[in-house]
Amino acid sequence: MTKEQLQSLLESLTLEEKVGQLVQCNAGQFIKNQMEITGPEGEMLPAEDLNRVMGSVLTFEDASQAKALQEKHLAADPKKIPLLLMLDVIHGLRTTYPIPLAIGCSFDDSLMAECADMARKESAACGVHVTFNPMVDTARDGRWGRIMETNSEEPLINSRMGAAVVRATQGEDLGNPENVACCVKHYAAYGAGEAGRDYNGVELSERILRETYLPAYKACLDAGARLVMPSFNSLNGVPSVANKWLMNKVLREEWGFGGVVISDYDAVGELVTHGVAEDLKDAARLAMEAGCDIDMVKNAYYLHLADLVREGAVSEEALDRAVFRVLSLKNELGLFENPLRGADEEKEKALYLCPAHREIARRAAEESAVLLKNDGILPLPRTARRLALIGPFAETQHLVGFWSRPGAWKDAVTLPEGIRALAPDTELLIETGCSAAIGDTDESGIMKAVAAARAAEAVILALGEKEDDSGEGRSRAELTLPGMQLELARRVIEANPHTVVVLFNGRPLALTKLEKIAPAILEMWYPGTEAGNAAARLLFGEANPCGKLSVSLPRSVGQLPMSYSRMNTGRPKPGPDSQAFPFSSCYLDTPNLPLYSFGYGLSYTDFAYSSLTLDRETLEKGGSLTVTVTVANRGQAAGKEAVQLYMRDLKASVVRPVQQLIDYKKVFLAPGETARVTFTVTEPQLRFWNFDCEFVSEPGTFALSTGFADHLILTKTFEFL
Ligand code: NOJ
């Protein structure tokens, strides 16, 4: 349709029909499905009435449901305006790839893009028009269960990977039914909820908000994301969906965002619960004033928006603008011409879990795993006659993590399946030992596990968190391994010191006690469909671990929130290993540094860094500086290395972080091979938000280093003039 045709369609709508375009309902109200509802349902209104006017639905299962929903709606809607069908496709649709936090650890934007591309294909075939992805909340507190949904504690990684997802998902042309629109979320600073508790309020200075939390959303919008979802949390006192400063001032005016804003689930209704709206009608008014176009499930708009317009509390122009944005998106997606769009049962069958998709999922799982410790026991020999496979994750398929499709775990390859595929002659002694349930104290299975450990040449001990113990509404106050798992580890390792711990979990755990006793630890996160194959290939050295932590692993909960890019203080601790001095910025009972730092991760080979060179000693506005470092593979195995470039602004008008990742590149090196890795540094990378909240660069000395956080090496300085 042309813009004029869209405009006349808009003009032809009754007030109720206009409002309907801003109403989103749960698909489950109209068709039977197994999809999980992630919040309270709105007042149950007659489905027929909703079906006639509503503009979009969320959460359906497959192409046949997509078609049924669309056809049912079109048959009832006198204006024949197709529905937008939306779904949370967070880390794959049917072929599940690793959770976003894991992919962050790959330090590989192109890998993220490959994963998103395959999710795009499967989503389009399923009939999805909009995915509620990417989630790019910077998160620095592992207590928050939703940290699994983001790529990193570092906004640079979230920005780059988020933008990669948007480009891969939306493609060049949204009119192509193979492409899917992205909704970036959760705007803003949802990851900074107080004390790591989900839905908690956030208090942040504008300076830090802009520096740490906003850039990733902005990067996704710059990449073209068509929708934005405001976050559940209040930000400096105002819930995001009603936050006019955030939405009108920053998002629409400053950033020029012209796309659709959709509330989070029930978030409009929650303005009443938050205590900032009198009732649902008032909530609808507040959300409209803040520029929220679509009301997800609460029916605040459905029930009250027409009256608000009639009473003059909301202007018809504001309503029209919101409706026009929704109609424009439908038009851009080609829905008026092709309402069933990509939905295609045959394609679904051909794409879901196809070999090409499994291959990407497996590679992604391998490249996001982080080898945390290795006393030389890994890789395991394939010739072992008998291995013990112990722990609550030894045999389970529950390795895909939260925000996967209901039942997606049933497609997952287990550890024994992965191991048998590689080492068919090895006998496996499998024992669960204990559960991973929070609060479970049952030790009765440990004896049998110990016996299996004794009888085997080596042990693979699979520990972690239950899949739904991280994710939305899954905050924890303790970050140790739940249940009796640590006790199981103690007794198994005592029985057989040739024990490798493999972890499956969705948040940065505090592994301090485990690290003391385990000879090797491989962090797999939730690897997805190909879990067992990827883990086995890493354990036996078929694949070489190359993940680096995109999030710091703390020693204890008391260190949280924590980020490697912490601000300097006037009394820094003299050195990481120095004794705690009470009048310095330190803890009396634990070191300042995490157990495993951001950017850390081992390999089966040995990478050596040398010759960091800058092509110039000075940099001026508009200019650029080339940084080069030599990386050599000195070991026996081929491998990939994520080369990281850190910066420190030595003096500025406001306190700056002690280290800041400004670029990264992943390189592959055969044994004996050497690469010169180059980075370009330009003035915008030196900018920060000053006291007056201006984005500036200031002249002075800057240090550049490689290595990883807290272990920087080969530092060189330059002057910014
Ligand atoms: C609530 C979550 O916060 C959001 O991330 C998700 O997209 C919506 N529910 C829809 O399922």
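Because the structure is predicted, anything quoted here is derived from the model rather than measured. In each ligand, atom 1 is the first atom listed, and ligand 1 is the first ligand listed. FYI, side chains are in, hydrogens and waters are out, and symmetry mates aren't considered; it's all heavy atoms of this structure.
- Distances shorter than 4.0 angstrom do not occur between any heavy atom of M86 and any atom of ligand 1.
- The shell of residues lying under 4.0 angstrom from ligand 1, judged by heavy atoms, excludes Y190.
- Here the CD1-NZ distance, from I262 to K185, works out to 10.5 Å after rounding to the nearest 0.5 Å.
- When only interatomic distances are considered, the shortest N/O to N/O separation between D88 and ligand 1 falls below 3.5 Å.
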For salt bridge (Lys or Arg N to Asp or Glu O under 4.0 Å), just list the numbers for R143 and E478, CA-CA rounded to whole Å, side-chain angles, deciding distance to a tenth of an Å, and then say yes or no.
CA-CA 7 Å; R143 290 174 293 183; E478 301 291 342; over 6 Å; no

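- Shortest non-hydrogen contact noted between F393 and L399 is CD2-CD2, 3.9 Å.
- Look at R146 and you'll find a heavy atom under 4.0 Å from some atom of ligand 1.
- In plain terms, the two heavy atoms of M524 and A531 that are nearest each other are CE-O, 4.4 Å.
- For the pair D264 and ligand 1, the shortest N or O to N or O distance falls below 3.5 Å.
- Contacts of L58 with ligand 1, taken as heavy-atom pairs under 4.0 Å, involve the side chain alone.
- In terms of protein heavy atoms, atom 5 (O) of ligand 1 is closest to H186 NE2, 2.6 Å.
- Here ring-ring contact (aromatic ring centres under 6.0 Å, His included) pairs that include residues 111-158, with residues two or more places apart or in two chains, are W144-Y190.
- Taking distance alone, with nitrogen or oxygen atoms compared against 3.5 Å, W403 stays at or beyond that limit from ligand 1.
- Those atoms of ligand 1 with a heavy atom of K185 less than 4.0 angstrom away are 4 (C), 5 (O), 6 (C), 7 (O).
- Just one residue in the list H357, K347, R405, R94 forms a side chain to side chain donor-acceptor pair (under 3.5 Å) with E122, and that residue is H357.
- Counting the atoms of ligand 1 from 1 in the order shown, those under 4.0 Å from a heavy atom of F132 are 7 (O).
- With sequence neighbours left out, the ring-ring contact (aromatic ring centres under 6.0 Å, His included) criterion links W255 to Y187.
- Checking only distances, E149 never comes within under 3.5 Å of ligand 1, N or O to N or O.
- Scanning the protein heavy atoms around atom 9 (N) of ligand 1, the nearest turns out to be T38 OG1, 3.1 Å.
- Applying the 6.0 Å contact sphere to CZ of R252 captures more than 12 heavy atoms from other residues, nucleotides or ligands.
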